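Take a look at the structure below.
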Amino acid sequence: MDYDFKVRTANERAKVEDLFEYEGCKVGRGTYGHVYKARRKDGSDPKDYALKQIEGTGISMSACREIALLRELKHPNVISLQRVFLSHTDRKVFLLFDYAEHDLWHIIKFHRAAKANKKPVMVPKGMVKSLLYQILDGIHYLHSNWVLHRDLDISIATQQLIRKKDLKKAVILLDSISAIQAITPLNPDSRRIED
């Protein structure tokens with residue numbers, strides 16, 4: 001590769017640290033990296049973003065799969081990938097998402113603890129129905145696009161919009177459903193699918 005071209009493209013490439021303020025705003029850590037709450041430095045957008053820094057150097061196979069899936073999936077109940085940043089100097093990968101303030105698991109833990117302390121917080125049935133509908137609608141969208149999610153991570157934005165995130169453990173089914181139908185619980189030998 002031409003060295004001048006490499007230097008010129010590296011200088012033209014947008015860097016995550018030039019566009020977003022995220023240092024000291026760590027909101028989580030997962031198996032594959034850290035998640036930061038980020039805001040635009042120029043103040044042009046007051047919106048918060050989630051910036052996921054994928055651990056390690058370079059792009060792993062699971063990161064490639066997650067990026068490829070998220071670039072194609074567009075649904076209000078599936079997290080939206082806004083942008084991918086590649087840092088060629090330190091070989092880091094950053095994924096920019098919409099920020100969701102709450103995690104469903106933490107909300108469940110809060111209500112469980114309140115109930116244990118004999119101070120239950122009542123949740124309106126309409127809200128429970130709405131949240132459940134959104135979860136099922138997002139899963140239906142994934143399944144209708146032949147994507148099986150093996151580790152649902154559900155977040156809730158302030159507008160009570162449910163979003164599935166972390167598609168690193170999702171699997172795309174390329175074959176038809178007939179392969180799945182070939183597995184019957186009555187016949188133990190049918191667990192092996194033959195081509």
Side-chain angles (χ1 to χ4, degrees), residues 16 20-40 45-56 60-71 73-85 92-145 147-173:
V16 69
F20 291 93
E21 182 66 44
Y22 64 93
E23 291 299 323
C25 300
K26 190 173 176 181
V27 292
R29 175 168 171 40
T31 309
Y32 294 98
H34 305 276
V35 179
Y36 300 92
K37 184 176 180 180
R39 283 208 159 179
R40 287 195 176 275
D45 187 5
K47 192 167 130 178
D48 290 329
Y49 293 93
L51 187 64
K52 180 177 182 179
Q53 177 187 355
I54 297 176
E55 249 179 12
S60 67
M61 209 48 193
S62 63
C64 286
R65 182 174 47 241
E66 182 177 7
I67 292 168
L69 277 172
L70 287 170
R71 288 181 73 187
L73 298 173
K74 302 290 181 225
H75 189 271
N77 301 122
V78 176
I79 197 77
S80 172
L81 177 65
Q82 300 295 321
R83 193 164 175 187
V84 178
F85 292 96
K92 298 256 185 229
V93 179
F94 292 91
L95 306 179
L96 186 70
F97 298 100
D98 290 331
Y99 183 73
E101 292 82 12
H102 307 286
D103 189 299
L104 186 60
W105 173 242
H106 289 106
I107 293 171
I108 291 170
K109 279 179 28 180
F110 168 78
H111 284 280
R112 217 184 256 171
K115 187 177 179 182
N117 292 332
K118 308 232 186 287
K119 297 177 185 175
V121 179
M122 297 308 295
V123 181
K125 285 184 182 181
M127 181 185 287
V128 173
K129 286 180 182 180
S130 173
L131 294 177
L132 187 57
Y133 174 80
Q134 291 178 62
I135 291 169
L136 294 174
D137 191 34
I139 293 171
H140 178 265
Y141 173 77
L142 292 175
H143 289 183
S144 65
N145 285 288
V147 175
L148 287 181
H149 200 293
R150 299 181 290 172
D151 180 24
L152 285 179
D153 193 3
I154 299 170
S155 295
I156 303 174
T158 49
Q159 305 86 6
Q160 292 179 354
L161 186 68
I162 293 281
R163 295 208 169 143
K164 290 355 156 252
K165 60 181 189 175
D166 253 356
L167 290 175
K168 65 184 168 287
K169 290 187 178 177
V171 176
I172 302 173
L173 295 179

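What you see is a predicted model, and the numbers here were worked out from it, not measured in a lab.
To the nearest 0.5 Å, atom NZ of residue Lys115 and atom CE of residue Met122 are 9.5 Å apart. Between the CG atom of Leu81 and the CZ atom of Arg71 there is a distance of 8.0 Å, given to the nearest 0.5 Å. Atom-to-atom distance recorded for Arg39:CZ and Glu21:CD is 11.0 Å, nearest 0.5 angstrom. The distance from the CG atom of Leu132 to the CE atom of Met127 is 13.5 Å, given to the nearest 0.5 Å. Expressed to the nearest 0.5 Å, how far CG of Leu96 lies from OG of Ser80 amounts to 9.5 Å.
A donor-acceptor contact shorter than 3.5 Å is absent between the side chain of Tyr49 and the backbone of Arg40. When atom types are taken as modelled, the side chain of Asn145 and the backbone of Val147 share no donor-acceptor pair closer than 3.5 angstrom. No donor-acceptor distance shorter than 3.5 angstrom exists from the side chain of Asp137 to the backbone of Tyr133, with no hydrogens or angles considered.
In this structure, Asn77 and Gln134 approach most closely via the heavy-atom pair ND2-OE1, 3.4 Å. Closest approach of Lys37 and Val27 over heavy atoms only: CB-CG1, 3.8 Å. Smallest separation of non-hydrogen atoms from Val78 and Gly138: CG2-O, 4.3 Å. Residues Leu95 and Val84 share a closest heavy-atom pair of CD2-CG2, 3.8 Å.
Looking at residues two or more places apart in sequence or on another chain, you find a side-chain contact (heavy atoms from CB on, under 4.5 Å) between Val16 and Phe20, Tyr22, Leu51, Phe85, Phe94. In this structure, Phe97 has no ring pair (Phe, Tyr, Trp, His ring centres under 6.0 Å) partners at least two apart in sequence or on a different chain.
More than 12 non-hydrogen atoms from other residues, nucleotides or ligands lie less than 6.0 angstrom from NE2 of His143.
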